[in-house]
Amino acid sequence: MARPFDVKAVEAKWQARWRDEGTYNVDNDDRRDRYYVLCMYPYPSGAAHQGHVRNYTFGDLVVRYKTMRGYAVLSPIGFDSFGLPAENAAIKAGSHPRLFTDARIRELTSSLVRLGAVYDWRREVQSHDPQYMKYSQMIFLAFLEAGLAYRATAPVNWCPGCATVLANEQVLADGTCERSGDLVQRRELEQWFFRITQYAEELLKDVDELEWPERVKTMQRNWIGRSEGVEFDLALASDPSRALRVFTTRPDTGFGVTYAVLAPEHPLLGELTTPEHAEEVASLVERALSASEVERTSSEGGLAKRGAFTGSYVLNPFNGRSVPVYVADYVLGSYGTGAVMAVPAEDERDYDFARTYDLPIVRTVQAPDGFDGGAYTGDGPHVNSGFLDGLDVVAAKAAAADFLVERAGGLRKVNYRLRDWLVSRQRFWGCPIPVVYCPTDGIVPVPLEQLPVVAPDDVSMDQTGQSPLATHAGFLHTSCPRCGAPARRETDTMDTFTDSSWYFLRMADPFSSGVPFDPTQVAKWMPVDQYIGGIEHAILHLLYARFYVKALVDIGLASGVAREPFARLFTQGMIRLHGTKMSKSKGNLIAPEPYFDTVGADGLRLFHLFVGPPADDVDWTDQTEGVIEGCARFLDRVWRLCSENGLHLVEREGPADYAMRQELHRTIAKVTDSMERWSYNTAVAALMELLNAVSKWARDPQGASRVVFDEVRRTMLCLLAPMAPHMSAELFEVHYPSEPGVHAQSWPRPDPALLVRESVTMVVQVNGKVRARLEVLADITQEQAREAALGEERVRAALGAPVTRVVVVPPRLVNVITG
RNA sequence: GCCCGGAUGGCGGAAUCGGCAGACGCGGAGGCCUCAAAAGCCUUUACUCGAAAGGGUGUGUGGGUUCAAGUCCCACUCCGGGCACCA
């Protein structure tokens with residue numbers, strides 16, 4: 001489409017000016033009120049796609065809007081530049097991930113600049129920058145010293161496709177790798193962990209304080225999974241001085257325990273298995289432990305193959321009865337004590353198992369009349385439960401817990417679903433873990449002055465299942481920093497989520513050296529006032545970053561910094577093409593560049609703002625091109641209007657001009673409200689309505705006031721400035737050359753006097769149906785409204801029966817009810 | 001299975017506190033301008049009966065509350081997402 005101005009030239013001019021003049025640089029000692037806006041820093045997969053455009057358009061709009069509202073706005077950017085795709089691409093191309101990554105960063109940077117997004121580029125952070133790595137490693141060592149990082153052997157998730165272990169958070173519900181989609185295997189390996197569970201309670205509690213989408217908060221709460229219960233002993237029937245320890249959240253149902261179950265990996269299993277059951281137990285254990293987590297847990301309906309009797313018995317402490325001990329794959333070794341008491345009457349899993357193995361079911365909570373399910377998990381009076389009989393669940397829980405504490409070595413306990421964070425990765429393109437293994441001194445931290453530990457360039461990245469760095473003799477072999485003896489370097493790298501767990505802190509103070517950041521500088525900006533990103537990070541990144549910040553505060557690296565990093569979170573919807581998410585891995589990207597060349601960044605930005613609520617997904621369809629052109633058409637009309645094409649402007653001011661000013665000020669109020677509510681689609685709609693009204697008014701043959709036109713023009717450009725920054729800046733400069741630029745203007749404020757309506761349309765209904773619309777004074781009284789409504793010809797014509805009641809809501813509505 | 005979120009014209013969506021359903025835009029139809037086209041501008045556009053005036057119907061389905069329901073309550077259908085042996 002032919003544009004009334006040279007879009008490319010105008011946009012390039014302003015992009016250069018913002019960058020060259022550092023318009024959006026901000027200093028840490030700025031005295032204005034502060035506002036920290038941050039979009040999740042992107043993984044540099046290449047040039048931007050529409051998902052990026054959407055994300056960074058919202059971010060940039062907030063930056064410019066808050067600046068016009070008088071804040072010192074911190075708007076940094078960076079790149080999450082370690083990660084598997086770059087390594088895989090480099091392997092394929094026989095190149096080095098750094099070359100690949102640096103090229104991708106240049107492309108993505110160019111896209112962001114062409115979008116018109118503005119940043120304080122002095123604060124740019126790149127995860128693979130050796131300077132940044134140095135601080136990432138310092139933090140690791142600080143965690144190590146504080147006991148927050150440790151090495152342990154554990155059953156871990158191994159992804160064959162990625163040739164590395166994964167964190168629990170990176171394994172999807174169906175047991176596949178979130179990145180490669182491969183089925184994850186279980187392997188027993190020695191790995192590095194971060195003690196995130198130490199913060200489980202605080203991570204859970206603080207969720208309440210966050211202004212985040214409710215569903216993200218719910219996901220975090222579910223992931224942490226707190227449950228209160230009692231841990232106690234089930235004495236062995238064969239030797240009551242010894243016991244099997246179990247955890248339960250339902251001690252009140254103790255009289256209903258009819259068997260106990262061990263996890264296949266339970267340490268007492270061998271001892272409790274009698275010779276005649278050994279074979280059956282062994283085959284179950286072998287199958288359970290070699291299977292992947294999914295295979296183990298998804299054998300729907302196949303309960304028959306899932307458990308085995310050990311041949312041993314334990315004593316139920318409540319009634320002294322001897323109950324059989326089973327082993328079953330549905331009990332997890334890694335949660336609680338790895339063993340449970342089973343109450344088939346009040347637990348669905350136990351019920352299913354008991355039915356399959358023909359074990360007794362004893363009801364201890366009275367189910368309501370008509371309950372026809374299996375296990376009853378609701379409330380009710382206890383029965384068959386000795387001293388608990390008659391008590392409801394809450395009271396019985398307390399009494400039963402007291403009993404267990406006194407009589408069965410019981411301990412009230414809180415368990416969490418959350419596990420420690422496995423941070424080792426057997427891959428090359430990540431930040432090396434800075435420790436050395438010495439035969440005499442054991443694990444020795446690399447001294448601070450030797451940081452960063454940087455991987456050499458000549459490493460073979462072939463995926464042999466071990467870390468690529470382990471194959472590089474020059475890197476692997478070193479000397480112990482403590483005793484000088486020959487030693488071996490750690491060859492694993494850190495999970496890239498460690499990089500993204502603190503980058504926003506470095507961005508708040510990228511100027512300090514020798515420390516990751518200066519806490520007093522960072523404290524000035526944190527927490528991030530508005531964090532913007534995708535819902536896909538609802539658990540992983542957001543939980544890890546919360547943990548990092550709390551830990552950094554506690555160990556002194558971030559003293560005085562807010563304990564929660566992201567006060568407000570906005571998760572924007574994703575772009576879908578033919579129903580699937582737009583992403584590089586799916587190969588269905590739509591690049592913004594062609595649009596930059598035609599409708600311009602402003603047109604594309606406006607489209608993303610206008611197409612729907614920011615939180616909703618966007619379907620990229622055949623209609624989309626039309627909507628984008630519609631947005632560009634709107635901008636063209638603004639351009640032509642501002643240039644006074646075909647206008648009839650006069651010096652005098654009349655009633656139509658006053659009405660125009662009222663319309664303008666109502667628009668200011670509407671747009672401002674929409675901006676605050678993240679309702680950008682309606683903000684754009686309000687500006688479109690304003691333009692329609694102005695066009696009509698300013699072309700009226702009667703003539704429109706020049707003074708009012710000027711007010712409309714300058715105000716409209718201000719309102720448009722965060723949305724379509726290039727064109728607004730250009731028009732403002734052309735028409736108001738002696739003033740500071742549009743983005744330096746204050747955000748318009750509506751004049752309250754102009755928001756008052758003198759007259760309004762009053763609806764008159766008869767029995768709820770609209771029969772007339774009357775133009776009435778806004779301050780009409782009840783009586784006057786009633787008179788006016790009943791006096792209306794068309795209302796009387798619609799009556800048909802005597803009036804029995806009149807509902808009057810002045811000045812909006814009258815509803816006449818007939819008999 | 002459990003927990004959230006959603007369903008409004010041909011399409012994206014609006015309606016912020018229970019008070020004019022469909023703002024704004026896309027698409028469609030008609031017109032102006034033009035030798036013609038593009039661009040631009042104007043009119044129109046929920047469905048339906050009607051020549052018109054005007055009437056009827058209408059926010060996933062079925063009930064309910066209310067003078068009044070897209071909005072509140074109950075039951076359900078479908079779609080999207082999360083969790084799913086965590087004892």
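Just so it is clear: chains get the letters A, B, ... in the order the sequence lines come, proteins before strands, and each one is counted from 1. Below, each value reflects all heavy atoms present in this structure, side chains not excepted, and no hydrogens, waters or symmetry copies.
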(message) Using O4'-C1'-N9-C4 for purines and O4'-C1'-N1-C2 for pyrimidines, with syn meaning within 90° of 0, is B:rC78 syn or anti?
(response)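 Chi for B:rC78 falls in the anti range.
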
(message) Give me syn or anti for B:rG22, where syn covers glycosidic angles within 90 degrees of 0.
(response)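 Anti, since the glycosidic angle lies more than 90° from 0.
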
(request) Find which nucleotide of RNA chain B each of A:Gln623 and A:Asn415 is nearest to by heavy atoms, and output the residue with the more 5' nucleotide. (result)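 That would be A:Gln623.
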
(message) Heavy-atom nearest nucleotide on RNA chain B for A:Val684 versus A:Arg226: which residue maps closer to 5'?
(response)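 Result: A:Val684.
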
Applying a 4.0 Å non-hydrogen cut-off, can you work out what [X] is touching in the nucleic acid: base, sugar-phosphate, or nothing?
{"X": "A:Lys670", "answer": "base"}
{"X": "A:Leu813", "answer": "base"}
{"X": "A:Arg677", "answer": "base"}
{"X": "A:Thr624", "answer": "nothing"}
{"X": "A:Glu348", "answer": "nothing"}
{"X": "A:Val763", "answer": "base"}

Using purine N1 to pyrimidine N3 plus N6-O4 or O6-N4 for Watson-Crick, or N1-O2 and O6-N3 for G-U wobble, each under 3.5 Å, what pairs with [N]?
{"N": "B:rU34", "value": "none"}
{"N": "B:rG19", "value": "B:rC67"}
{"N": "B:rA39", "value": "none"}
{"N": "B:rU59", "value": "none"}
{"N": "B:rG5", "value": "B:rC79"}
{"N": "B:rG12", "value": "B:rC24"}

In whole angstrom, give me the gap between the [atom1] atoms of [N] and [M].
{"N": "B:rG5", "M": "B:rU66", "atom1": "P", "value": "27 Å"}
{"N": "B:rC47", "M": "B:rG12", "atom1": "P", "value": "16 Å"}
{"N": "B:rC67", "M": "B:rA14", "atom1": "C1'", "value": "26 Å"}
{"N": "B:rG9", "M": "B:rC17", "atom1": "P", "value": "23 Å"}
{"N": "B:rA21", "M": "B:rA75", "atom1": "P", "value": "29 Å"}
{"N": "B:rC11", "M": "B:rG56", "atom1": "P", "value": "26 Å"}
{"N": "B:rC76", "M": "B:rA7", "atom1": "C1'", "value": "14 Å"}
{"N": "B:rG30", "M": "B:rC35", "atom1": "P", "value": "22 Å"}

Starting at atom [atom1] of [X], determine the distance to atom [atom2] of [N], rounded to an integer number of angstrom.
{"X": "A:Asn767", "N": "B:rA69", "atom1": "CG", "atom2": "P", "result": "12 Å"}
{"X": "A:Arg786", "N": "B:rC67", "atom1": "CZ", "atom2": "P", "result": "16 Å"}
{"X": "A:Lys696", "N": "B:rC42", "atom1": "NZ", "atom2": "P", "result": "8 Å"}
{"X": "A:Asn692", "N": "B:rC24", "atom1": "CG", "atom2": "P", "result": "7 Å"}
{"X": "A:Glu793", "N": "B:rG54", "atom1": "CD", "atom2": "C1'", "result": "15 Å"}
{"X": "A:Glu625", "N": "B:rC11", "atom1": "CD", "atom2": "C1'", "result": "15 Å"}
{"X": "A:Asp347", "N": "B:rG1", "atom1": "CG", "atom2": "P", "result": "18 Å"}
{"X": "A:Arg699", "N": "B:rG40", "atom1": "CZ", "atom2": "P", "result": "13 Å"}

(message) Using only modelled atom types and a 3.5 angstrom limit, is any donor from either the side chain of A:Arg805 or the base of B:rC67 paired with an acceptor on the other?
(response)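 Checked by distance alone, the answer is no.
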
So if I take every side-chain heavy atom of [X] and compare against [options], which nucleotide ends up nearest?
{"X": "A:Thr761", "options": "B:rC26, B:rC20, B:rU16", "value": "B:rC20"}
{"X": "A:Arg771", "options": "B:rG56, B:rG27, B:rG19", "value": "B:rG56"}
{"X": "A:Val331", "options": "B:rA87, B:rG25, B:rC20", "value": "B:rA87"}

Polar-atom pairs under 3.5 Å, protein N or O versus N or O of nucleotides 80-82 of chain B: list them with distances, or write none.
none

(request) Report yes if some heavy atom in the side chain of A:Leu664 is under 4.5 Å from a heavy atom in the side chain of A:Leu690; otherwise report no. (result)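 A side-chain contact exists here, since the closest heavy-atom pair is under 4.5 Å.
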
(message) Is the shortest side-chain heavy-atom distance between A:Lys413 and A:Phe232 below 4.5 Å?
(response)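 They are not in side-chain contact.
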
Please determine if a side-chain N or O atom of [X] lies less than 4.0 Å away from the OP1 or OP2 oxygen of [N].
{"X": "A:Tyr335", "N": "B:rA87", "result": "yes"}
{"X": "A:Thr682", "N": "B:rG13", "result": "no"}
{"X": "A:Arg794", "N": "B:rG54", "result": "no"}
{"X": "A:Asn681", "N": "B:rA14", "result": "yes"}

(request) Could you tell me whether A:Asp617 and A:Arg54 make a salt bridge, using a distance below 4.0 angstrom between a side-chain N and a carboxylate O? (result)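 Between A:Arg54 and A:Asp617 there is no salt bridge, as every charged N stays at least 4.0 Å from the carboxylate O atoms.
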
(message) If the threshold is 4.0 Å, N to carboxylate O, is there a salt bridge linking A:Arg412 and A:Glu228?
(response)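 Salt bridge absent between A:Arg412 and A:Glu228.
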
(message) I'd like to know if the side chain of A:Arg245 and the backbone of A:Gly409 have a donor-acceptor N/O pair within less than 3.5 Å.
(response)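 Flag set: sc A:Arg245 to bb A:Gly409 pair under 3.5 Å.
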
(message) Whether the side chain of A:Arg605 engages the backbone of A:Ala724 through a donor-acceptor N/O pair (distance < 3.5 Å, no angle test) should be reported.
(response)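 Side chain of A:Arg605 to backbone of A:Ala724: no pair is present.
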
